[in-house]
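Take a look at the following structure, please.
Reckoned from all heavy atoms, side chains included, excluding hydrogens, waters and symmetry mates. Chain naming here is simple, since letters A, B, ... match the order of the sequence lines and numbering starts at 1 in each.
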Number of protein chains: 2
Amino acid sequence: MDVAHSGVLEVGIPVACRSCQARHGVVCGVLSSGQLKDLGRHSLRRKVDAGCEIIAQGSESSFYSNIMSGVVKLCKVMPDGRQQIVGLQFAPDFVGRPFVRESTLSAEAATDAEICVFPRSLLDRMISETPELQRSLHDQALKELDAAREWMLTLGRRTAEEKVASLLHLIATHAEPQTATSTAFDLPLSRAEIADFLGLTIETVSRQMTRLRKSGVIRIENFRHIIVPDMDELERMISA
Amino acid sequence: MDVAHSGVLEVGIPVACRSCQARHGVVCGVLSSGQLKDLGRHSLRRKVDAGCEIIAQGSESSFYSNIMSGVVKLCKVMPDGRQQIVGLQFAPDFVGRPFVRESTLSAEAATDAEICVFPRSLLDRMISETPELQRSLHDQALKELDAAREWMLTLGRRTAEEKVASLLHLIATHAEPQTATSTAFDLPLSRAEIADFLGLTIETVSRQMTRLRKSGVIRIENFRHIIVPDMDELERMISA
DNA sequence: ATCGCGATTTGATCCAGATCAAAGTTTGCG
DNA sequence: CGCAAACTTTGATCTGGATCAAATCGCGAT
């Protein structure tokens with residue numbers, strides 16, 4: 001995936017990583033090379049393991065990130081422990097909510113991932129000053145809004161089988177490589193996480209998965225690796 | 001509600017309305033008075049009846065609107081007719097998706113409403129040129145994104161009773177007037193629309209409504225008019 | 001007023017998906 | 001290698017909400 005497209009340019013000066021122990025990152029910057037000077041010393045590339053919480057729900061976070069590789073899940077949990085994944089983000093998405101101190105959701109690496117971290121104060125200022133950056137973040141917000149609303153339809157009106165098919169379609173669409181019709185990919189989510197994304201239980205997810213396998217829509221290897229022989233067939237299941 | 005806050009200023013020159021038959025509107029404009037001159041002759045205020053479709057799903061729309069009064073529902077429908085309301089908008093929200101030709105959802109007046117209509121081409125240009133407008137639309141997009149994600153939690157993880165309580169809470173929160181704890185309001189949605197917003201059937205909505213009434217959380221008059229004696233109690237039901 | 005029709009409520013029954021329970025599988029670690 | 005803990009699948013049963021089926025209510029038109 002072309003990272004430069006996202007408005008993120010990698011500069012490549014190796015530095016010690018301040019926030020994660022025993023790892024090192026490289027500096028990266030945002031948008032125009034004129035601004036790289038500003039940002040250079042304040043941002044860094046960082047590796048995070050699967051399960052690592054990038055932003056905690058209800059906390060104030062003092063930084064933003066760009067996803068360089070891997071998958072990040074956005075999650076809301078209720079006081080009694082019920083939880084719902086409200087979005088998946090892939091490279092080169094932006095993580096964090098501009099202009100607002102406290103996050104209403106948590107962001108957690110679903111797979112091992114690399115992110116590029118920026119201090120909030122700096123980036124907030126840059127957003128106000130550079131219209132292209134504002135526009136690029138506005139575009140991503142609108143894209144995420146479309147995705148969220150599409151998922152509301154899935155959560156509210158689709159059956160368990162359609163939900164699972166929708167998830168597979170979503171992942172397949174965002175995880176290359178794919179041939180013309182046949183697609184293979186690794187699921188970035190466990191069964192429990194899939195259940196939390198679809199508003200189902202793990203048992204139901206598992207059962208629908210076997211159902212799709214038995215009906216020939218997908219093949220499963222290693223729990224995680226999925227093959228979709230015919231994407232059209234998968235799309236037909238979603239009736240969309 | 002303070003409409004000027006939204007970046008919309010009403011100018012108040014009466015003109016014939018081009019798009020709706022037998023009605024008349026008044027010109028209104030966007031943001032700074034310097035730009036009003038530009039926009040003045042191209043936008044108009046318009047009354048729409050409940051049920052009127054402002055933007056059709058899958059169509060290209062050539063205008064944007066601002067809601068001056070009333071409630072607008074955003075709706076997605078599947079080929080087989082299942083449908084899901086994916087958002088409610090109140091004055092002074094902006095309706096329409098900047099920069100994208102085709103809408104993935106329909107916008108329909110849920111109540112009689114007044115909207116202020118702008119030609120797309122003009123506003124797209126203005127958005128690019130005026131950072132405050134861009135910023136204001138960016139903010140609304142982020143607000144809608146938060147609302148959509150909150151609703152995903154409701155759709156995926158709450159029970160029917162909690163869903164209905166969540167809806168009442170949402171409406172109560174956006175429809176004044178309210179005293180310290182007691183609140184009264186008119187529902188802008190029919191039972192069928194509530195069902196489509198909550199991912200339930202009308203029968204379940206009706207049953208949960210009576211349940212809330214019998215347990216004393218709400219009082220119902222006229223199907224449409226609801227009284228919440230104690231908002232705290234309603235909030236406790238949502239566990240949020 | 002009364003009629004008629006659509007919206008709402010209420011009741012009876014059904015079923016998709018949840019819950020409870022028990023095997024497999026996979027992975028990491030001593 | 002072998003065991004333990006976590007994850008996944010499969011099975012049996014239960015249940016919240018859907019579906020099917022009547023009433024009842026409210027409202028505009030005659």
Please enumerate all residues that pass salt bridge (Lys or Arg N to Asp or Glu O under 4.0 Å) together with A:Lys76, with sequence neighbours excluded.
B:Glu150
Among A:Gln83, A:Gln57, A:Glu53, which residue meets the side-chain contact (heavy atoms from CB on, under 4.5 Å) test with A:Cys75?
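Looking at A:Gln83, A:Gln57, A:Glu53, the match for A:Cys75 under the side-chain contact (heavy atoms from CB on, under 4.5 Å) is A:Gln83.
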Using a 4.0 Å heavy-atom cut-off to protein, can you give one letter per nucleotide of nucleotides 11-18 of chain C, 5' to 3': B if the base is in contact, S if only the sugar-phosphate is, - if neither?
BB----SS
Spacing of A:Arg191 atom CZ relative to C:dT27 atom P, expressed in whole Å
12 Å
Whole-Å distance between C:dT27 P and A:Asp49 CG?
17 Å
Quantified as the angle between the terminal helix axes (five pairs each), what is the overall bend of the helix from C:dA1-D:dT30 to C:dG30-D:dC1 to 10 degrees?
40°
Under 4.0 Å between a side-chain nitrogen and a carboxylate oxygen: does that hold for B:Glu114 and B:Arg46?
no
Take the protein atom CG of B:Leu198 and the nucleotide atom P of D:dG16, then report the distance between them rounded to whole Å.
18 Å
Sorted by chain and residue number, the salt bridge (Lys or Arg N to Asp or Glu O under 4.0 Å) partners of A:Arg211 (sequence neighbours excluded) come out as A:Glu161
Audit row: A:Leu167, A:Ile194, side-chain contact (heavy atoms from CB on, under 4.5 Å) steps and yes/no:
CA-CA 8 Å; A:Leu167 178 90; A:Ile194 294 174; 3.6 Å; yes
Please determine whether a side-chain nitrogen of the Lys or Arg among A:Arg157 and B:Asp196 lies less than 4.0 Å from a carboxylate oxygen of the Asp or Glu.
yes
Is A:Glu60 salt-bridged to A:Arg101, going by a charged N under 4.0 Å from an acidic O?
no
Within residues 211-225 of chain A, find the residues that approach DNA chain C with a heavy atom at under 4.0 Å, and present them sorted by residue number.
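Going residue by residue through residues 211-225 of chain A, the ones with a heavy atom under 4.0 Å of DNA chain C turn out to be A:Phe223.
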Should B:Glu102 and B:Arg97 count as an ion pair when the cut-off is N to O under 4.0 Å?
no
Expected output: side-chain A:Glu193 to main-chain A:Ser190 donor-acceptor under 3.5 Å:
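Indeed, once roles are kept as given, a pair shorter than 3.5 Å links the two residues.
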Would you call A:Arg82-B:Glu162 a salt bridge at under 4.0 Å N-O?
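B:Glu162 and A:Arg82: salt-bridged.
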With sequence neighbours left out, what residues match B:Arg120 under side chain to side chain contact (heavy atoms under 4.5 Å, CB included)?
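Scan of B:Arg120 (side chain to side chain contact (heavy atoms under 4.5 Å, CB included), adjacent residues dropped) gives B:Ser61, B:Tyr64, B:Asp124.
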Rounded distance in Å - CZ (B:Arg82) to C1' (D:dT19)
15 Å
Let me know the distance between CD1 of A:Ile202 and P of C:dA21, rounded to the nearest Å.
15 Å
A:Thr210 vs D:dT10: side-chain N/O to OP1/OP2 distance below 4.0 Å:
yes
Would you kindly give the CE-to-C1' distance between B:Met209 and C:dT10, to the nearest whole Å?
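Spelled out: CE on B:Met209 to C1' on C:dT10 is 15 Å.
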